[in-house]
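Remarks on the structure that follows.
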Amino acid sequence: MSEATSTTAASSAARQSSVFKLTFRLPIIIWQSLFFIGPLCFMVAMSFFIVRNYRMQEDFVMKNWLKMLGRDYFWDSYVLTWGLAGIGTVVTMLVAFPAAYTLAFKASEAVRRWAIFMLIIPFFTSYLVRIFSWYVILAESGVINAGLSYLGLGPFVMLNTKFGTVVGYMTLTLPLVIILQTFALANIDRSLVEAAFNLGCRPFRTIYRVILPMARTGLIIAAVFCFILSFGDFVSPYYLGGSKPPTLPILIVDTVKSGQQWPRAAVVAVVMMVTLFVVAFAGIMAAYRRRVG
Amino acid sequence: MVAPLVEFRSVVKRFDDFVAVERVNFTIEAGEFVAIMGPSGCGKTTTLRMLAGLEAPSEGEVLMEGRVMNDVPAHERDTPLVWQSLALFPFLNARENVEFGLQMRGVAAAERRRRALEWLDRMEIAEFAERDIASLSGGQKQRVALARSLVIEPRILLLDEPLSALDANLVIRMQSVLTKLQRELGITFVYVTHSQSEAFAMADRVVIMSRGHIAQIGSPKDIYRAPANRFVAEFVGRNNIITGTVGKATAKTVTIDGSLGSFTVDLGQHEKPRQGDTARFVVAADLAQISTAKPRRGNAIACSLISEEFIGSVVTLFLEAEDGSELKVQLQERELSKMDLKQAATIYLSWAADQAHYIGAD
């Protein structure tokens, strides 16, 4: 009898705690379904709609997909976006590494704290504003060309070029990547680095023999973030890259503008989403793979 | 004269305001097993790290075979260190860890592999060669760390409390592995530890450090039987330290008067102290005797029993003297069982005059 009572009490306690847990989880579930999964499903559905007389109608046709994926300009744009985001990621990771290395290994605790704070400050200002400030620097009569003209060089065209786009991407990603890399490096057990020296490893060689393998997870996550932010960015390729040829985000805007082609824009968006899913997934797999061969 | 393998010449190491090592002088000969022992923060690990080139001395010189090593970077020294955390590379397997040092020395892949496997075999862990470090047990990791350091055939091996994370049984096993290795290889081991039992069990010579200074250097027996000062006597433990003022003194013996009574102690190598100076002497707990009747001759202190600590065949009794000071005596369990201490109101702790060890004022 008493056993039965205690079982009932236990199960009701379990039920209570599961209700309790659910209450905590509910807000995030509602938020995610309303603002992420819902719109995502709608976007996928929309890519099968049709547009008649500049009005979108519900339907289920493959026409948008065949039209977009059959066009060379779509694939040109796809390759361009990949290339620019890829180059941006490589350059950002390389530029960020010496800074992160210095902050993680050479700087004192206080310097590191201040540096992280300074790296957060750029995010106080709108990204768009920061991009416009590059006009002053990169323009043909801008700061850099003025400086170079003293040396008898230039002027170089930097605005409305791929170079400009990458500079824009880096404005967005560099501070974040330095912060992520610094955390990845700062977590490395110092005795492993010392053990490498102790066994005869020269300091520079230690970077790729010990530090890079140890920081692999954090560094790959930083690169994935960098790529995702660049790949989906509209502002830099539009204002600094001159939008011609268009990257995928610009293509989305152009497609919507020309004849209210929301469904075709949705096709581009879905392709981008799938690409980023694959990149993020591959990145996470590589980051958490147990051993390097 | 052949220069010693290692020599520290008035070495000082400062970290900002903190002095970790203060004017340390000592030498280590080739083939010795030296333990550097002391409480945490005494500078023993810093001393070892200066030998490995992982810290630079602030003052003084560290020499190896007569050569000043101060400016030789860590990666150009053959002074492999076994870390307390072992510091094995988790992204390499056991064999690759062992190969690391050989690879840095430009040994060809096949030769590298052969020598690594040979060492893993010697450490009796050949079957784990291709295993991840994370999948090895504490004792196996220990053996990988030793193999990784020894495969480069150094003349000296540095060990920084490598056994402190292992359980008691494994510590004993690894101690015999280490002593056997050291004897077979004939190379120098410098072993940093806070554990007296580890140091005494393995080392030929023990360096005891306290607050950056060397408190005593000597064989385990010297340190145990003839502590040079109060710090060593207390650190070694199981010693009764009795303090008083110098009364009558001759060239050989001295009378020390204190709250526990008046005792005559051999001076040993010490110089004759001045009358009225503070002086101390040590009676090792295992050299003291107890009785329920007052001994007719010799030095004795009347005490009462506070508690006893029973560890197998040996029992330590904790006694309180009339002035409140605590004294210890260590004896065989079978000796103790013959006595009836529970009934006795007073217990006399006594010792033969030549078994007290004079340590002077400090």
Examine whether an atom of Ser85(B) lies under 4.5 Å from a heavy atom of chain A, and if so say whether it belongs to the side chain, the backbone or both; otherwise answer neither.
side chain

Check each atom of Val193(A) against the heavy atoms of chain B and say whether the ones under 4.5 Å are side chain, backbone, both or neither.
neither

Counting heavy-atom pairs under 4.5 Å with chain A, which one of Gly101(B), Ala87(B), Pro154(B) comes out on top?
Ala87(B)

With a 4.5 angstrom heavy-atom cut-off, is it the side chain or the backbone of Leu88(B) that approaches chain A, or both, or neither?
backbone

Could you tell me which non-hydrogen atom of Arg148(B) sits nearest to which non-hydrogen atom of Ala195(A), and how far apart they are?
NH2-CB, 3.8 Å

Do any N or O atoms from the side chain of Asn198(A) and from the backbone of Ala74(B) form a donor-acceptor pair under 3.5 angstrom?
no

Side-chain contact, heavy-atom cut-off 4.5 Å: Leu192(A) with Pro90(B)?
yes

Is Arg209(A) in contact with chain B via its backbone, its side chain, both, or neither, using a 4.5 Å heavy-atom distance?
both

Give, as side chain, backbone, both or neither, the part of Gln103(B) having an atom under 4.5 angstrom from any heavy atom of chain A.
both

How far apart are the C-alpha atoms of Arg49(B) and Glu194(A), what are their side-chain angles, what is the distance that settles it, and do they pass the salt bridge (charged side-chain N to carboxylate O under 4.0 Å, His left out) test?
CA-CA 10 Å; Arg49(B) 288 170 59 82; Glu194(A) 288 184 341; 2.6 Å; yes

Taking all atoms of both residues into account, what is the closest heavy-atom pair of Val210(A) and Phe89(B), and its distance?
CG2-CE2, 3.8 Å

Might you point out which heavy atoms bring Met104(B) and Leu199(A) nearest each other, and give the distance in Å?
CB-O, 3.6 Å

